Amino acid sequence: KPAKRLSSDSNSHEGAVAGEISALEEAFRKFAVHGDTRATGKEMHGKNWSKLCKDCNIIDGKNVTTTDVDIVFSKIKGKSVRTITFEQFKEALQELSKKRFKGKSDEEALQEMYKLIEGKGPGLTGVTKTVASPTVSRLTDTSKFTGSHKERFDASGKGKGKAGREDLVDNSGYVSGYKHAGTYDHKVQGNK
């Protein structure tokens, strides 16, 4: 019964059992859905492909540039489609691995390429880091707020949300700041 043994071994070099996905595919899916709420994770747009190449250091500026990445993407995807599948993604990596790891054999280069990507997700590049500077902490300390801003936070410094912002509307018909509000009736009555 050698045929049976073969089928169970054929998955082992992938490092993934059916149903589980490899670290490479997981990374592919994370990048594929990045920034696209409708994405299924089965195919990847050019924009996310470039992001993956940047975030995983495939683009090193010497051997592989953003242009190379775009060219490979265009070459691998179908004529009328704007995305690549996971299989095409692996092809694209193979193409790039030859450039990125020049001295290595195709197989080694590809393994190195996978190592760069496996387990990665889209890095939030360009996201502003919060800086704890004394100026900022002074400006954001709600206990020191005055005026109408003071009313927007409770004692613990948590914002009250809408309740803290909304002025209750005065429907008396007088403009705010009018001193003799409510005296109309008795002026009119007084003159009769």
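Please read these numbers as outputs of a predicted model, since none were measured by experiment.
At most 12 non-hydrogen atoms from other residues, nucleotides or ligands lie less than 6.0 angstrom from NZ of Lys62.
Val33 and Leu24 fall into different hydrophobic clusters, where Ile, Leu, Val, Met, Phe, Trp and Tyr residues are linked whenever their side-chain heavy atoms come under 4.5 Å apart, directly or through other members.
Scanning both residues, Ala27 and Gly119, for their nearest heavy atoms gives CB-N, 4.3 Å. Taking all atoms of both residues into account, the shortest heavy-atom contact from Ile117 to Leu52 is CD1-CD2, 3.9 Å. Nearest heavy-atom pair across Ala39 and Ala32 is CB-O, 3.7 Å.
Rounding to the nearest 0.5 Å places SG of Cys53 at 5.5 Å from CG of Leu96. The distance from the NZ atom of Lys51 to the CE atom of Met44 is 11.0 Å, given to the nearest 0.5 Å. Here Lys90 contributes atom NZ and Ile76 contributes atom CD1; the two are 12.5 Å apart, rounded to the nearest 0.5 Å. The NZ atom of Lys77 sits 10.5 Å away from atom CD1 of Ile84, with the distance rounded to the nearest 0.5 Å. Here Phe31 contributes atom CZ and Ser50 contributes atom OG; the two are 11.0 Å apart, rounded to the nearest 0.5 Å. The structure places NZ of Lys104 at 12.5 Å from CG of Leu110, a figure rounded to the nearest 0.5 Å.
Within the structure, ring-ring contact (aromatic ring centres under 6.0 Å, His included) pairs that include any residue of residues 74-99 comprise Phe28-Phe86, Phe28-Phe89, Trp49-Phe89, Phe86-Phe89 (at least two apart or interchain).
In this structure, Asp55 contributes its side chain and Pro122 its backbone to no donor-acceptor pair below 3.5 Å. Put simply, the side chain of Lys120 gets close to the backbone of Leu116: a donor and an acceptor are under 3.5 Å apart. Asp68 places a side-chain N or O within donor-acceptor distance of the main-chain N or O of Thr65, the cut-off being under 3.5 Å. Side chain of Glu25 to backbone of Ser22: no donor-acceptor contact under 3.5 angstrom is found. Here the side chain of Arg100 pairs no donor or acceptor atom with the backbone of Glu95 at under 3.5 angstrom.
Considering only heavy atoms from C-beta on, Lys42 stays 4.5 Å or farther from Thr85 through its side chain.
Here Thr37 pairs with nothing under the side-chain contact (heavy atoms from CB on, under 4.5 Å) rule; sequence neighbours left out.
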Inset, instruction - Go through the steps for Asn63 and Asp60 under the test side chain to side chain contact (heavy atoms under 4.5 Å, CB included), then give the verdict. - result: CA-CA 6 Å; Asn63 303 330; Asp60 61 358; 3.6 Å; yes
Legend entry - Stepwise side chain to side chain contact (heavy atoms under 4.5 Å, CB included) test for Thr83 and Asn48: CA-CA 10 Å; Thr83 55; Asn48 290 7; over 6 Å; no
Inset, instruction - Let me see the working for Lys115 and Glu112 under salt bridge (charged side-chain N to carboxylate O under 4.0 Å, His left out), right down to the final yes or no. - result: CA-CA 5 Å; Lys115 277 186 199 143; Glu112 289 295 320; 3.6 Å; yes
